[in-house]
Trainee: 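Structure provided below as structure tokens; questions to follow.
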Amino acid sequence: MEIEQIAVLGAGQMGNGITQVAACAGYEVIMIDIKQEFVENGLSSINNSLSKLVSKERMSQDDADSALEKISISTDKSSASNSDLIIEAIPEIPELKFSTFQELDQICKDGAILASNTSSISIDEIANSTSRPNFVIGMHFMNPVPIMKLVEIITGSKTDDGVTNQVVSVAERMGKVALCCKDSPGFISNRLLCPMLNEAILALQEGIAKPEAIDGIMKLGMNHPIGPLALSDLIGLDTVLHIMNVLHDGFGDDKYKPAKLLEEMVSEGNLGRKTGEGFYKYK
């Protein structure tokens, strides 16, 4: 089946970014969320992003206008019924994902591919919420979506090879590099990244160095564009903790045990940039 129309479920930072790159690639896209203000805010973010690209001469005004014309918005999941590919980008809450995919399975036409932008939840578990596990796959976009080149494609144990090939083609048409891995706790990106972030937090917890030194050593010595503590703040400490718990539970290995300092900061509500304070202050 040729993929012509894409539905994106979720109009937040990830959802509107996915919607933008899909529309810029020439797909008809419907962006869906639970409130009208959410989809309108998402559309406004896309408009602002495209305007910046035009001002930097990375896109023509005609192309930006054409992309916007390909986007429609809705607050009704049934609007995805005729889409060929549905990309879910809702909060990282397992039961919410499972119930959403169960609902999409009933709404979407036969042959429609159901993809999740999850960063850590098992694709097999999501697929088992549907009657079409062979048509369920992971499309883990990186943030910010319009800028980051990678899409981590995660195949479940029952995902059809043809589905994988189609999703890879879609990602490439969006201008992304699609790299595949099998379903496993944390996939590849977070299995490698989050333990490094956790180790930096452990170093701080043990008083080995101050945040600026830890981050500076990794930036200047390892050529990382951002230090691990600053990156944790950017991702959100609650998200880092969630992924470490997924790894710890999934592998049953204490090398993935979250740092006590990370747990304490999350319990205190200091989650990083989104709350104004994490390992650094942003107010």
Side-chain angles (χ1 to χ4, degrees), residues 5-77 79-80 83 85-93 96-97 100 104 115-119 138-152 170-171 173-178 189 225-226 230-240 271-276 278 282-283:
Q5 185 180 102
I6 295 174
V8 177
L9 203 61
Q13 188 172 27
M14 296 302 293
N16 68 57
I18 296 167
T19 299
Q20 177 180 324
V21 297
C24 288
Y27 291 106
E28 296 291 334
V29 192
I30 181 162
M31 183 171 62
I32 305 166
D33 213 316
I34 56 174
K35 291 185 179 180
Q36 185 68 22
E37 65 180 292
F38 293 168
V39 288
E40 288 178 356
N41 288 342
L43 195 58
S44 176
S45 294
I46 293 169
N47 199 14
N48 290 338
S49 178
L50 293 174
S51 295
K52 288 179 182 177
L53 291 173
V54 171
S55 68
K56 293 176 181 178
E57 298 184 344
R58 292 171 59 187
M59 172 183 272
S60 71
Q61 186 63 57
D62 285 347
D63 285 345
D65 292 340
S66 177
L68 284 170
E69 287 173 4
K70 292 184 179 299
I71 300 170
S72 57
I73 57 177
S74 175
T75 57
D76 186 354
K77 289 189 188 77
S79 301
S83 295
L85 169 64
I86 297 83
I87 304 174
E88 164 272 314
I90 64 175
E92 196 78 343
I93 302 168
L96 180 59
K97 300 273 194 193
T100 297
L104 289 172
S116 177
N117 183 53
T118 182
S119 60
M139 287 186 80
H140 181 203
F141 289 80
M142 303 294 126
N143 188 26
V145 178
I147 295 172
M148 300 294 281
K149 280 290 185 183
L150 175 67
V151 178
E152 186 178 32
V170 168
R173 182 169 156 182
M174 291 177 180
K176 305 301 183 184
V177 176
S189 56
I226 184 172
L231 180 56
S232 297
D233 280 352
L234 180 62
I235 293 169
L237 302 192
D238 52 339
T239 301
V240 175
L271 308 181
R273 285 181 179 270
K274 59 188 172 185
T275 59
Y282 300 92
K283 292 180 181 178

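Every heavy atom of this structure was used, including side-chain atoms; hydrogens, water molecules and symmetry mates were not.
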Trainee: Evaluate side chain to side chain contact (heavy atoms under 4.5 Å, CB included) for Thr75 paired with Ile34, printing each intermediate quantity in order.
Mentor: CA-CA 5 Å; Thr75 57; Ile34 56 174; over 6 Å; no
Trainee: Check whether any side-chain heavy atom of Leu96 sits under 4.5 Å from a side-chain heavy atom of Pro91, and report yes or no.
Mentor: yes
Trainee: Quick check: does any side chain N or O of Asp63 sit under 3.5 Å from a backbone N or O of Met59, one acting as donor and the other as acceptor?
Mentor: no
Trainee: With rounding to the nearest 0.5 Å, note down the distance linking OG in Ser116 to CD1 in Ile86.
Mentor: 12.5 Å
Trainee: Of all heavy-atom pairs between Ala23 and Ile71, which one has the smallest distance, and what is that distance?
Mentor: CB-CG1, 3.6 Å
Trainee: Under a 3.5 Å distance rule, please check whether Asp33 uses its side chain to pair with a backbone N or O of Ala11 as donor and acceptor.
Mentor: yes
Trainee: Hey, could you give me the CZ/CD1 distance between Phe141 and Ile18, rounded to the nearest 0.5 Å?
Mentor: 5.0 Å
Trainee: If I take atom CG from residue Leu271 and atom CG from residue Asp238, how far apart are they, to the nearest 0.5 angstrom?
Mentor: 4.5 Å
Trainee: Just by distance, do the side chain of Lys149 and the backbone of Gly175 share a donor-acceptor pair under 3.5 Å?
Mentor: yes
Trainee: Would you mind writing out the side-chain donor-acceptor pairs for residues 41-53 within the sub-3.5 Å range, not counting sequence neighbours?
Mentor:
from: Asn41; atom 1: ND2; to: Glu37; atom 2: O; distance (Å): 3.2
from: Ser45; atom 1: OG; to: Asn41; atom 2: O; distance (Å): 3.1
from: Asn48; atom 1: ND2; to: Ser44; atom 2: O; distance (Å): 3.4
from: Ser49; atom 1: OG; to: Gln20; atom 2: OE1; distance (Å): 2.9
from: Ser49; atom 1: OG; to: Gln20; atom 2: NE2; distance (Å): 3.1
from: Ser51; atom 1: OG; to: Asn47; atom 2: O; distance (Å): 2.9

Trainee: For Asp76 and Ser79, which I'm curious about, is there any donor-acceptor pair between the side chains at under 3.5 Å?
Mentor: no
Trainee: Once salt bridge (charged side-chain N to carboxylate O under 4.0 Å, His left out) is applied, what residue pairs with a partner in residues 16-32 remain, sequence neighbours excluded?
Mentor: Glu28-Lys70
Trainee: Would you say the side chain of Arg173 lies within less than 4.5 Å of the side chain of Val21, judging by non-hydrogen atoms?
Mentor: no
Trainee: I need the minimum non-hydrogen distance between Ala64 and Val54, along with the two atoms involved.
Mentor: CB-CG2, 3.8 Å
Trainee: Decide yes or no for Val39 and Gln36: does some side-chain heavy atom of the first lie under 4.5 Å from some side-chain heavy atom of the second?
Mentor: yes
Trainee: Which atoms form the tightest heavy-atom contact between Ile30 and Ser83, and what is the distance?
Mentor: CG2-OG, 4.0 Å
Trainee: For the atom pair CD1 (Ile32) and CG (Leu9), what is the distance rounded to the nearest 0.5 Å?
Mentor: 5.5 Å
Trainee: How long is the straight-line distance from CZ of Arg273 back to CD1 of Ile235, given to the nearest 0.5 Å?
Mentor: 11.5 Å
Trainee: Would Thr100 and Ile90 count as a side chain to side chain contact (heavy atoms under 4.5 Å, CB included) here? Give the steps.
Mentor: CA-CA 9 Å; Thr100 297; Ile90 64 175; 3.4 Å; yes
Trainee: Would you call Glu92 and Lys97 a salt bridge, taking side-chain N to carboxylate O under 4.0 Å as the test?
Mentor: yes
Trainee: In plain terms, say whether Asp233 and Lys274 are close enough for a salt bridge, that is, a side-chain N and a carboxylate O under 4.0 Å apart.
Mentor: no
Trainee: How about His140 and Asn117: do any of their side-chain heavy atoms sit closer than 4.5 Å?
Mentor: yes
Trainee: Side chains of Phe38 and Met31, heavy atoms from C-beta outward: is any pair under 4.5 Å?
Mentor: no
Trainee: About how many Å separate CD of Gln61 and OG of Ser55, when rounded to the nearest 0.5 Å?
Mentor: 10.0 Å
